[in-house]
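First up is the structure itself, then whatever we jot down about it.
Please read all numbers here as calculations on a predicted model, not as lab measurements.
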Amino acid sequence: MKIAMILDAKFPPDPRVENEAVTLVNAGHQVFLFCLTYTKEKQEEIINGIHIVRYLSNQLEYKLSALAYSVPFYTILMQHKIHHFFNKVQPEAIHIHDIKVAEAVFKANKKFNLPVVLDLHDNYPEVMKLYPHLQKFPGKYIISPNKWKEKEKELILKSDKIISVSPHFIKDLQNRIPKQKENFVLVPNTIRKSFFEDYKVDESIINKYANHFVILYLGDTHIRRGLQTAIQSINNLKNEISNIKLVIVGKNTTDVILKQQVKDLALEHYVDFEGWQDVSLFQSYILASHVCISPLHRNLQHDVAYANKIFQYMSFGKPLLVSNATAQKELIEENNSGLVHQDRNVVDFSKRLLKLYHDEDLREKLGENGKQFVRNTFSWEQTSKNLLHLYDTILD
C-alpha cells in the first residue's frame, strides 16, 4: 500500500514517526512523509526507505499553528501544501501525526476520499494547559484547550482508525467517544531492539562518572517533568551519599528555573546539566548510572502516557524511581522493575532513593526484571504488530 504520512514539523528527528514508517516500509508498504522545513534542506530524499517530501514553512506559520482551532489561517495554509502532496504522491491511505494539522488534512482529503488513520502521540488538549504561554496574556485568552478537546473529538469521529500510545489513553477516549470504541488501536512508544543491541560505548562518559553514585534523567526537562523534586532531594541526600550526582541529559526553555534552584541550594557540585545530547550517547549515560528516574507531575496527560525514557532505562537493566503518575506506576509495579514515589514529594523521593542506594541486590533484581520485560515482551518489534495489522485490514 502507498501510505501518506503527515507531520507538520521537521524530520528528522522524530523517533515515533520514524519507527512507524520504517516498520511499514519493512513490511512492504511505500511510505511518503509530508514534513516541513525552515531552511534550504533537500526538498526530497529517502531516509531508511521513507520517501521524505519537505514543504517550506516559516516562523509566522509556526506561530499560527498554536491558533489552528481559534482562527483558520494555519489550516488554510497547510491545506494547500497537503493537497499538492496528495496530488504528487497519489496515496491509498493517510496517516496523520497528531491533531494540530488534522483539520487541514481532512479538508485536503475531500477530493480523494481516502481512509484516514489519526495517530495521537499525546493527550494534546491536556498538554496545552501546561504550556507557559497559555498561562498569561495573550495566549490565555485566545487559545482554548477546551476548544481543542472538542476538535479532538470531532476529528476522532471523522477518522477510520485512531492510534493511541497507552491503554489508559485509549480507555479514556473510548469512554468519551463510545461510537468509535472498536476503532482505537494501541501502538505504544517503545524502543527498537537496535537501541540495546547496536550501540557504541563512549568511554569518556563512563570514566567521567566512574566514582559517583549517578541518578540519571533523560529527555525533556520541562518543569512538569518533576526535576525540581529530584534537585531538592539531592540537597537532602548529599551528606549521606557523598558521591551522589544527578545527571540531567536534555533541555527545555524552563531550564533557567532548574539551574537557579541548583545555584540557590549550592548544588553545582552534585548536579550536572549535560544539555541535549545525541541519542547515540544515551546508552553510555545509562550504563554510567545507578538509578534512573521519571519524576513526572501527575496530570491528565502524564497519567495516561508512558515516557519513552523508562523503556530505554529498563533495556539496560537499571532500576527505576518513578512518580505515581498512573500509567508508569502500574507498568513499574506490574513488572517489579523499580520503586514508586508520590509526585512532588521530596521526602518520599529521598526515602525511596536511599532504599535503592543501600540495597545493591534490590537494584540488581529490579533492573533485571525491567531488562527482561523490555527485551522479551515490550520492544518495538513486539508492540508494532498492531500497526501492521491495522494496515493489513484498513481497506477491508
Side-chain angles (χ1 to χ4, degrees), residues 204-219 221-250 254-255 257-275 282 284-298 307 309-310 312-314 316-325 328-329 332-333 335-371:
S204 67
I205 294 172
I206 304 297
N207 294 334
K208 180 178 180 180
Y209 294 111
N211 297 317
H212 293 90
F213 185 77
V214 174
I215 315 303
L216 177 67
Y217 177 88
L218 286 177
T221 57
H222 189 279
I223 293 300
R224 64 187 170 92
R225 306 287 180 169
L227 283 167
Q228 286 175 302
T229 302
I231 291 168
Q232 186 65 51
S233 177
I234 299 299
N235 191 49
N236 295 351
L237 295 172
K238 66 181 189 296
N239 293 327
E240 186 160 352
I241 309 175
S242 60
N243 65 336
I244 196 169
K245 179 80 78 169
L246 174 61
V247 179
I248 300 170
V249 181
T254 60
D255 283 355
I257 298 170
L258 301 179
K259 291 177 179 179
Q260 187 62 49
Q261 182 186 9
V262 169
K263 185 177 179 181
D264 291 344
L265 295 171
L267 293 177
E268 290 90 345
H269 180 67
Y270 299 97
V271 181
D272 283 0
F273 289 95
E274 295 287 279
F282 282 14
S284 298
Y285 279 105
I286 295 170
L287 288 168
S289 69
H290 296 83
V291 177
C292 297
I293 63 172
S294 178
L296 297 172
H297 291 176
R298 290 200 64 188
K309 64 176 69 63
I310 65 176
Q312 293 171 333
Y313 298 155
M314 285 194 283
F316 281 90
K318 297 299 177 178
L320 273 61
L321 179 58
V322 306
S323 73
N324 59 336
Q328 67 177 13
K329 172 183 181 290
I332 297 314
E333 288 182 342
N335 294 284
N336 195 27
S337 56
L339 299 182
V340 177
H341 68 90
Q342 187 176 18
D343 83 309
R344 300 179 233 202
N345 188 323
V346 175
V347 173
D348 197 33
F349 183 101
S350 303
K351 177 183 175 183
R352 309 292 174 188
L353 190 54
L354 273 177
K355 183 175 182 178
L356 291 170
Y357 171 71
H358 286 300
D359 194 339
E360 186 175 352
D361 289 342
L362 178 62
R363 296 202 306 270
E364 289 185 5
K365 177 185 174 183
L366 297 173
E368 184 62 24
N369 289 342
K371 180 178 178 180

Using 0.5 Å steps for rounding, measure from the CG atom of Asp272 to the CG atom of Leu216. 11.0 Å
So, is the end of the Lys245 side chain (NZ or CZ) under 6.0 Å from the ring centre of Tyr209 and within 45° of the ring's axis? no
Taking the side chain as every heavy atom from C-beta outward, state whether Val291 and Phe213 have any atom pair closer than 4.5 Å. yes
Starting at CD of Glu240, measure out to OH of Tyr357 and round the result to the nearest 0.5 Å. 7.5 Å
What closest approach, in Å, do Ser294 and Ile310 show between heavy atoms, and which atom pair accounts for it? CB-CG2, 3.9 Å
Nearest 0.5 Å, please: how far is CD1 in Ile234 from CD1 in Ile244? 3.5 Å
How about Asp264: does its CG atom have over 12 heavy atoms from other parts shown lying under 6.0 Å from it? yes
Using the side chain to side chain contact (heavy atoms under 4.5 Å, CB included) rule, take Thr221 and Phe273 through it: C-alpha gap first, then chi angles, then the decisive distance, then the call. CA-CA 10 Å; Thr221 57; Phe273 289 95; over 6 Å; no
For Ser337, the option from Lys365, Lys318, Lys371, Met314 that meets side chain to side chain contact (heavy atoms under 4.5 Å, CB included): Met314
Basic-acidic side-chain contact under 4.0 Å: Asp359, Arg363: no
Measure the spacing between CD1 of Ile231 and CD of Gln261 and express it to the nearest 0.5 Å. 4.5 Å
Check whether any side-chain N or O of Ser350 sits under 3.5 Å from a backbone N or O of Val346 as a donor-acceptor pair, and report yes or no. yes
In Å, rounded to the nearest 0.5 Å, how long is the span from CG of Leu227 to CG of Leu258? 6.0 Å
Rounded at 0.5 Å granularity, tell me how far CG in Asp343 sits from CG in Asp348. 10.0 Å
Are the side chains of Leu354 and Ile241 in touch, meaning some heavy atoms are under 4.5 Å apart? yes
Exactly one of Pro295, Ser289, Cys292 clears side chain to side chain contact (heavy atoms under 4.5 Å, CB included) with Tyr217, and that residue is Pro295
Flag side-chain contact, heavy atom, 4.5 Å: Leu356 against Leu366: yes
Between His222 (side chain only) and Arg224 (backbone N and O only), is there a donor and an acceptor less than 3.5 Å apart? yes
Out of the candidates His297, Arg298, Gln328, Gln342, only one should pair with Ser323 under the side-chain hydrogen bond (donor to acceptor under 3.5 Å, both in side chains) rule; please name it. Gln328
Side-chain contact test, heavy atoms from C-beta onward, threshold under 4.5 Å: evaluate it for Lys208 versus Ile205 and give yes or no. no
Could you check Ile293 against Leu320 for side chain to side chain contact (heavy atoms under 4.5 Å, CB included), going step by step and ending with a plain yes or no? CA-CA 6 Å; Ile293 63 172; Leu320 273 61; over 6 Å; no
Show your working on side chain to side chain contact (heavy atoms under 4.5 Å, CB included) between Leu218 and Ile286 and close with a plain yes or no. CA-CA 9 Å; Leu218 286 177; Ile286 295 170; 3.9 Å; yes
Thr229 and Arg344: which non-hydrogen atoms are nearest, and at how many Å? OG1-CA, 3.3 Å
Closest heavy-atom contact between Ile332 and Leu339? CG2-N, 4.3 Å
Side-chain donor/acceptor of His212 to backbone N/O of Asn243, under 3.5 Å: no
Before you tell me yes or no, could you show the steps for Asn335 and Asn369 under side chain to side chain contact (heavy atoms under 4.5 Å, CB included), namely the whole-Å CA-CA distance, both residues' side-chain angles and the distance that decides it to 0.1 Å? CA-CA 7 Å; Asn335 294 284; Asn369 289 342; 5.7 Å; no
